[in-house]
Amino acid sequence: MIEYYKSEKINERITAIRSLTGEIMYLIKGGEKAILIDTCLGVGHLRKFVEKLTKKPVTVLLTHGHVDHALGAPEFEDVYMNSADKEVYEK
């Protein structure tokens, strides 16, 4: 089985997540919740990978709507993106 994601702890609260194809996401753990910045291409079960890194509820923040940043968003319930990128995401 291909290991699509790998993590690298930056410090106690921040973990970089790298995809097999080179995209980088960041998981930031707060006191009660965690934030995932970007979601990559939507393959490889990102949510399951993130759940191995934290048991806290995860909110996703998308930097913009391009496929290499946002296509994994449907795996998560709590997702935010600037409305100006809606058209880019939908294409």
Side-chain angles (χ1 to χ4, degrees):
M1 184 158 111
I2 294 175
E3 192 174 319
Y4 198 82
Y5 300 105
K6 293 186 180 196
S7 63
E8 177 186 344
K9 197 167 189 172
I10 304 299
N11 61 39
E12 189 173 314
R13 294 191 181 259
I14 301 173
T15 301
I17 301 171
R18 297 177 191 274
S19 74
L20 185 65
T21 53
E23 295 85 12
I24 302 173
M25 298 152 280
Y26 292 93
L27 179 66
I28 304 167
K29 297 177 205 171
E32 297 177 20
K33 296 181 180 182
I35 290 178
L36 178 63
I37 300 174
D38 288 337
T39 59
C40 191
L41 294 170
V43 296
H45 306 288
L46 177 60
R47 183 176 178 162
K48 287 182 183 179
F49 186 83
V50 170
E51 288 172 346
K52 291 178 186 176
L53 299 175
T54 185
K55 301 300 178 202
K56 296 177 182 186
V58 175
T59 296
V60 171
L61 302 178
L62 300 175
T63 57
H64 60 285
H66 288 158
V67 295
D68 59 334
H69 291 262
L71 285 188
E75 290 187 49
F76 299 88
E77 287 106 33
D78 195 19
V79 179
Y80 296 88
M81 178 182 69
N82 188 314
S83 61
D85 269 300
K86 184 178 179 186
E87 185 178 336
V88 171
Y89 176 80
E90 289 175 347
K91 284 183 181 182

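Every value quoted in this text rests on a predicted model; they were computed, and no experiment measured them.
Annotation: the span from T54 atom OG1 to I35 atom CD1 amounts to 11.5 Å, rounded to 0.5 Å. Atoms CD1 and CD1, on I24 and I37 in that order, are 12.0 Å from each other to the nearest 0.5 Å. The structure places NZ of K29 at 10.5 Å from NZ of K55, a figure rounded to the nearest 0.5 Å. Annotation: the span from Y80 atom OH to T59 atom OG1 amounts to 6.0 Å, rounded to 0.5 Å. To the nearest 0.5 Å, atoms NE2 (H45) and CD (E75) are separated by 7.5 Å.
Between E32 and P57 the shortest heavy-atom distance is O-CD, 3.4 Å.
When hydrophobic residues (I, L, V, M, F, W, Y) are linked wherever their side-chain heavy atoms come within less than 4.5 Å, the members clustered with M25 are I2, Y4, Y5, I17, L20, L27, L36, L41, V43, L46, F49, V50, L53, V58, V60, L62, V67, L71, F76, V79, M81, Y89.
More than 12 heavy-atom neighbours from other residues, nucleotides or ligands sit within 6.0 angstrom of NE2 on H64.
For the pair D38 (side chain) and C40 (backbone), a donor-acceptor distance under 3.5 Å is absent. Looking only at distances, a side-chain donor or acceptor of N11 sits under 3.5 Å from a matching main-chain atom of I14. Within the 3.5 Å criterion, the main-chain N or O of A16 finds no donor-acceptor partner in the side chain of S7.
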